[in-house]
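Each remark here refers to the structure printed beneath this line.
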Number of protein chains: 2
Amino acid sequence: MANIKDIAKKAGVSVTTVSRVLNNHPYVSEGKRKAVLLAIEESNYQRNINAVHLSKGETLLIGVVVPFTNHPYFGLLVEGIANEAMKNNYKLVLFQTNYEADREIEALKMLQYKQIDSLIICSRICGWEIINQFTEYGPIVLCEDARNHNVSSTFIDHYISFTNALEYLHNKGHYKVGYCIGRKSGSSSRQRGKAYADFLSRINERYNEEYIFYECLNFEHGEDVVRRLSSMDNPPTALLVTNDIAAAGIVTSCREIGIRIPDDLAIMGFDNQPISKIMHITTLEIPLVQMGRNLLLQALDGEKHTHEEISVKLIERQTV
Amino acid sequence: MANIKDIAKKAGVSVTTVSRVLNNHPYVSEGKRKAVLLAIEESNYQRNINAVHLSKGETLLIGVVVPFTNHPYFGLLVEGIANEAMKNNYKLVLFQTNYEADREIEALKMLQYKQIDSLIICSRICGWEIINQFTEYGPIVLCEDARNHNVSSTFIDHYISFTNALEYLHNKGHYKVGYCIGRKSGSSSRQRGKAYADFLSRINERYNEEYIFYECLNFEHGEDVVRRLSSMDNPPTALLVTNDIAAAGIVTSCREIGIRIPDDLAIMGFDNQPISKIMHITTLEIPLVQMGRNLLLQALDGEKHTHEEISVKLIERQTV
DNA sequence: TTAATTTATGAAACGCATTTCAGAGCAAGA
DNA sequence: TCTTGCTCTGAAATGCGTTTCATAAATTAA
């Protein structure tokens with residue numbers, strides 16, 4: 001395959017001039033430009049992108065770390081990221097971690113090795129002591145409140161939004177409120193846990209371990225929740241479900257065994273996924289696509305670290 | 001930052017020897033190996049991955065083309081691809097095309113430019129006349145029957161599986177059968193359309209344009225289908241829905257307006273997504289994760305073109 | 001007219017690791 | 001003893017484009 005040198009020879013110019021033509025630099029006379037373009041055409045020349053990467057030290061690749069690609073929450077987030085990446089001529093390298101720290105470290109190492117220009121971590125597993133070791137190698141963008149760290153972030157205030165949702169349920173007369181969440185650890189889970197604990201003490205209710213459901217990620221997990229629910233002596237009258245799909249699963253399973261919603265059990269979802277609209281699930285809208293877009297822009301912005309809080313909106317429908 | 005030359009100097013060996021150590025070549029004496037490793041350690045040396053790529057002419061990157069990242073069908077497929085990629089130390093570059101041909105061409109060009117080692121196209125938009133132009137640049141793997149082409153493929157026989165599903169419905173007493181599908185064009189849609197037409201003529205039914213529903217991709221699209229259905233004078237008594245999520249949406253919307261399933265309307269899904277189990281939707285199981293794995297292995301296999309047909313299985317539940 | 005810019009061009013340095021090739025040294029087999 | 005055949009090592013070639021620097025030529029400004 002022809003390389004830039006061949007083109008230069010063929011067009012009777014220097015490689016510098018060829019490079020200028022390829023990169024649309026000014027200061028190339030019309031005659032030479034034409035000659036170069038002709039030579040490129042005739043030799044069917046293709047720039048070796050890896051040589052460009054080596055030379056420029058950048059790859060136009062952005063890493064995206066998600067625990068699961070196949071999850072509606074991250075699906076929307078990645079959709080936003082992908083759309084914006086497209087606009088900016090960047091491509092995405094996808095890291096599916098399954099919440100294994102090693103996978104996340106692999107992604108960080110790709111940043112270190114310069115195989116990607118920056119890294120977006122949609123849900124972090126590694127501790128900050130690890131992340132911080134890599135901030136020097138390139139922009140890292142988080143999808144959580146990271147205002148005290150050497151990265152950029154786009155996030156929502158989980159404490160406030162959880163509190164709002166809880167208060168909403170309380171105003172509707174619920175005081176036996178439980179919640180379903182994806183994982184025990186993680187920064188958002190902590191914030192939500194705190195909001196929950198504070199809410200309970202505000203309304204003078206006792207913390208009941210039974211009212212918290214973990215591993216609530218998908219439609220099918222709703223079944224487990226409802227099973228546990230129906231075996232309880234003193235079940236909650238309302239459930240905050242941090243993900244509409246799981247909420248939809250719960251609603252579906254409830255219908256099946258005759259638990260009336262919202263009369264027997266009120267359900268409040270999160271995200272405002274399309275499914276929540278169809279199933280009339282009251283939910284807290286999180287503009288995931290928009291957040292994704294923002295994450296990518298921050299990743300491109302490189303040097304300066306910015307932090308953007310996105311606000312959520314409660315959407316009243318028929319499950320509370 | 002240190003490079004391989006610095007390490008060579010520091011360790012008192014040639015760059016060749018350093019490279020040998022880095023790549024675990026044999027024929028390096030223990031003494032020199034140790035010296036090199038020490039020098040690497042002390043200089044905090046990082047191999048420049050782009051130089052490696054340039055030199056080796058490969059990137060350990062595999063492109064994956066999907067119309068939407070945020071769709072359960074492709075979600076499972078990508079999950080399988082990602083898992084297998086991980087095992088083989090490959091990373092994925094994700095191309096979300098939204099079914100725009102230009103996006104797919106971009107991916108093909110990245111193959112041409114050697115920024116990716118091979119390309120998996122999960123759902124093709126471009127015609128073969130375009131794909132064929134790129135087969136010389138690296139392995140291309142399709143998720144459709146491509147036995148007559150210069151690529152590898154993992155696929156299911158949509159004609160047969162659609163036929164089986166239709167016959168199953170027919171055996172249950174249905175002859176007014178319609179179907180819901182994602183898009184009008186595309187190879188799988190054509191195969192299914194043919195199976196449908198052949199089925200109709202076999203049972204002596206007239207082709208009814210109204211019985212076919214397009215753009216049926218997601219849960220929310222079920223609503224539209226049901227709306228159209230309920231306004232029909234002579235609606236079908238059974239519906240084949242090429243995607244469980246859409247089927248679930250249809251089931252949900254039907255319940256809402258009192259269409260009984262399967263009595264008033266039988267629903268048959270596709271994929272055997274988790275949601276279909278929960279909602280007891282009769283479906284045709286497509287082992288998407290396994291297919292994804294296979295696609296990746298074929299992508300790695302490079303030179304030789306293989307074609308693997310995956311068989312599907314009808315799973316009887318309660319919506320037919 | 002002279003000085004200061006701007007335009008245009010190419011040689012050479014730079015980014016960096018892998019691989020081929022040639023050769024030295026040593027051991028095993030004939 | 002002589003021939004093969006490993007083991008080990010490094011110089012040099014290879015992959016390829018970008019960018020800096022020096023310089024010449026053409027303009028514009030003073």
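Letters go in sequence order (proteins before strands), and every chain restarts at 1.
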Once each nucleotide of nucleotides 8-18 of chain D is scored for protein heavy atoms under 4.0 Å, what B/S/- sequence comes out, 5' to 3'? BBBBB--BBBB
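- Within residues 107-114 of chain A, no residue has a heavy atom under 4.0 Å from DNA chain C.
- With sequence neighbours excluded, the residues satisfying side chain to side chain contact (heavy atoms under 4.5 Å, CB included) with B:Ser14 are B:Thr16, B:Thr17.
- For DNA chain C, the contact window with chain A, defined by any atom under 4.0 Å from a protein heavy atom, covers C:dT7 to C:dC16 in 5' to 3' order.
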For residues 58-68 of chain B, run the donor-acceptor check on the side chains, cut-off 3.5 Å, and write out each pair with its distance to 0.1 Å, sequence neighbours left out.
unit_1, atom_1, unit_2, atom_2, d
B:Thr59, OG1, B:Leu61, N, 3.3
B:Thr59, OG1, B:Gln115, O, 3.1
B:Thr59, OG1, B:Asp117, OD1, 3.2

Which side-chain N or O atoms in residues 1-9 of chain A pair as donor and acceptor under 3.5 Å with protein atoms at least two apart or in another chain?
unit_1, atom_1, unit_2, atom_2, d
A:Asn3, OD1, A:Lys5, N, 3.0
A:Asn3, OD1, A:Asp6, N, 3.1
A:Asp6, OD2, A:Asn3, N, 3.0

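- For the pair A:Glu104 (side chain) and A:Ile125 (backbone), a donor-acceptor distance under 3.5 Å is present.
- Shown here are the ring-ring contact (aromatic ring centres under 6.0 Å, His included) partners of B:His305, two or more places apart in sequence or in another chain: there are none.
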Salt bridge (Lys or Arg N to Asp or Glu O under 4.0 Å) for B:Glu106 and B:Arg103? Distances and angles first, verdict last. CA-CA 5 Å; B:Glu106 263 181 34; B:Arg103 302 272 92 78; 3.1 Å; yes
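- One axis for each end of the helix from C:dT1-D:dA30 to C:dA30-D:dT1, each built from five base pairs, and the angle between them comes to 30° at 10° resolution.
- Applying the side chain to side chain contact (heavy atoms under 4.5 Å, CB included) criterion to B:Asp271, with sequence neighbours excluded, gives B:Tyr73, B:Asp244, B:Gln273, B:Ile286, B:Leu288.
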Just distance, no hydrogens or angles: give the donor-acceptor pairs under 3.5 Å from side chains in residues 22-42 of chain A, sequence neighbours left out.
unit_1, atom_1, unit_2, atom_2, d
A:Asn23, ND2, A:Ser19, O, 2.8
A:Asn23, ND2, A:Ser19, OG, 3.4
A:Arg33, NH2, A:His25, O, 3.4

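- Among residue pairs with one or both ends in residues 103-145 of chain B, those qualifying as ring pair (Phe, Tyr, Trp, His ring centres under 6.0 Å) are B:Trp128-B:His149; sequence neighbours excluded.
- Proximity of a side-chain donor or acceptor of B:Ser189 to a complementary backbone N or O of B:Arg183 within less than 3.5 Å is detected.
- The closest donor-acceptor contact from the side chain of A:Gln96 to the backbone of B:Ala82 lies at 3.5 Å or more, if one exists at all.
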Could you list the donor-acceptor pairs under 3.5 angstrom formed by side chains in residues 289-297 of chain B, with sequence neighbours left out?
unit_1, atom_1, unit_2, atom_2, d
B:Asn294, ND2, B:Thr154, OG1, 2.8
B:Asn294, ND2, B:Glu308, OE1, 3.3

